[in-house]
Student: 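Quick one: this structure, given as structure tokens, is what I'll be asking you about.
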Amino acid sequence: MLAVLAVSTPAFAQVDLDALYAAAKAEGELTTIALPHNWCAYGDVIAGFKAKYPGITVNELNPDAGSADEIEAIKANQGNMGPQAPDVIDVGLSFGPSAKADGLIQPYKVSTWDSIPYDAKDAEGYWYGDYYGVMAMLVNTDILDTVPADWADLANDEYANAVALAGDPRASAQAIQSVYAAGLSTGADATGAAEAGLKLFADLNAKGNFVPVIGKAASLAQGTTPIVIAWDYNLLAWRDSFEGNPAAEIVVPATGVVAGVYVQAISAYAPHPNAAKLWMEYLYSDEGQLGWLAGYCHPIRFNDLAAKGAIPQAMLDALPPAAAYEKAVFPTIEQQNAAKEVITGQWDSAVGANVE
């Protein structure tokens, strides 16, 4: 069954933040890894944490590392109490369950636990979603007079030679999830979405609407791919980079809203466990969540923040409508793997477009 973004109901007791801060301050340090400052506004998020909790030095390891590198850093530094041992990790969804199974992370439930969607967290608190993006479309409105509202609209005559994916669906996770999302929009369930998505793109290709090149900011701006499908946080950054030239609009489809989530966890061997817990409390507070949103990464508590009016209007105005995200679904690892096998294996025979 496809997971739907929903908020869990059990309340969780509030943490004594003053006591936790005192314990973290006694440790004096926090070591992060793989947090580039221009990703999800992490530079400002880290600065916000340091301003709120002075006396804790933040060691930033290898900002450009990937999820696998973070896991290896935990393994390589078991028993190391120095600054090379990460306290916390921010990894792709699949790494949460596997790190738990390998005994590499420890449980901790933040005080806002009850407002984290139940399908985006480990029930025991070993890992939990932090932010996500949804598959969306960026449209060059200097070239196209109308924007598509849903996946099916991409077949309209006005979008001839217009639609591109931001990757090769035979290899790119972003492109694979685009095809999967398109399939869901047809009414197919999780098991049939990959094949339905392939059919939709086969139809677009046969009609001449699909452009078999990897869509990028430059190709959209130049008009060679006036519609590009990608994660919304990438498209929002592209839109801003245009500075109005060309004019461009982000569209979250009316159906088939697929979300890709990252997760946070604390190392089982964290040298500074209290600082790690305080970091998590900050990230999952309203302040921390809005920090990610400023970087166009939708925080996992987005629906909760929107419902209680905690998101500044200026921030909302820079994003697609909040209501568009209420339909977001989080495919499980098993569903993602199954879709990947179908899409990568059948793209050539089903669609016949050599994306490069």
Side-chain angles (χ1 to χ4, degrees), residues 3 8 12 15 20 23-24 27 29-36 39-40 42 45-46 49 53 56 58-81 83-133 259-285 288-289 291-292 297-301 330 332-334 336:
S8 57
F12 190 74
V15 172
L20 183 59
E27 293 171 346
E29 296 182 48
L30 170 74
T31 300
T32 65
I33 184 172
L35 303 183
W39 173 261
C40 299
Y42 253 123
V45 170
I46 293 169
F49 174 78
Y53 299 112
I56 301 174
V58 179
N59 305 312
E60 298 181 51
L61 301 177
N62 196 359
D64 297 321
S67 296
D69 299 318
E70 298 180 64
I71 298 300
E72 288 305 311
I74 292 178
K75 292 179 179 178
N77 287 281
Q78 297 179 25
N80 180 356
M81 302 303 289
Q84 293 306 308
D87 290 303
V88 292
I89 55 174
D90 178 341
V91 293
L93 174 60
S94 65
F95 291 89
S98 61
K100 176 185 176 181
D102 292 341
L104 299 176
I105 53 180
Q106 61 178 279
Y108 178 71
K109 294 184 178 181
V110 292
S111 56
T112 52
W113 181 258
D114 60 330
S115 61
I116 300 173
Y118 66 82
D119 50 18
K121 62 188 177 187
D122 174 66
E124 297 178 288
Y126 279 85
W127 55 263
Y128 18 96
D130 45 16
Y131 49 80
Y132 63 92
V261 66
Y262 284 78
V263 301
Q264 289 280 334
I266 298 174
S267 169
Y269 306 96
H272 317 105
N274 291 299
K277 293 172 183 176
L278 188 66
W279 170 249
M280 294 301 182
E281 290 291 344
Y282 179 74
L283 293 181
Y284 289 86
S285 69
Q289 296 276 289
W292 278 328
C297 291
H298 269 66
I300 202 66
R301 295 181 51 235
F330 294 93
T332 66
I333 296 300
E334 293 76 19
Q336 290 182 44

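Only this structure's heavy atoms are used, side chains among them; waters, hydrogens and symmetry mates stay out.
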Student: If the condition is ring pair (Phe, Tyr, Trp, His ring centres under 6.0 Å), which residues does H298 pass it with, not counting sequence neighbours?
Tutor: Y132, F302, Y325

Student: So, using side chain to side chain contact (heavy atoms under 4.5 Å, CB included) as the criterion, who are the partners of A268 when residues are at least two apart?
Tutor: none

Student: Who pairs with E124 by side chain to side chain contact (heavy atoms under 4.5 Å, CB included), at least two apart in sequence or on another chain?
Tutor: K100, D122, Y126

Student: Return the set of residues passing side-chain hydrogen bond (donor to acceptor under 3.5 Å, both in side chains) with Y262 (not counting sequence neighbours), or none when no residue passes.
Tutor: none

Student: Q84: which residues meet the side-chain hydrogen bond (donor to acceptor under 3.5 Å, both in side chains) condition with it, sequence neighbours left out?
Tutor: none

Student: Can you list everything that forms a salt bridge (Lys or Arg N to Asp or Glu O under 4.0 Å) with E72? Sequence neighbours excluded, please.
Tutor: K75

Student: Considering residues at least two apart in sequence or located in another chain, which fulfil the side chain to side chain contact (heavy atoms under 4.5 Å, CB included) criterion with E281?
Tutor: V15, L17, L20, Y108, V110, S111

Student: Let me check something: any side-chain donor-acceptor pairs from residues 60-67 under 3.5 Å, sequence neighbours excluded? List them with distances.
Tutor:
{"unit_1": "E60", "atom_1": "OE1", "unit_2": "H37", "atom_2": "NE2", "d": "2.8"}
{"unit_1": "E60", "atom_1": "OE2", "unit_2": "H37", "atom_2": "NE2", "d": "3.4"}
{"unit_1": "S67", "atom_1": "OG", "unit_2": "G92", "atom_2": "N", "d": "3.0"}

Student: With sequence neighbours left out, what residues match W279 under ring pair (Phe, Tyr, Trp, His ring centres under 6.0 Å)?
Tutor: F49

Student: Which residues pass the side chain to side chain contact (heavy atoms under 4.5 Å, CB included) test with P273, not counting sequence neighbours?
Tutor: E27

Student: Who pairs with N80 by side-chain hydrogen bond (donor to acceptor under 3.5 Å, both in side chains), at least two apart in sequence or on another chain?
Tutor: N77

Student: Run the ring pair (Phe, Tyr, Trp, His ring centres under 6.0 Å) test against F95 and tell me which residues pass, sequence neighbours left out.
Tutor: none

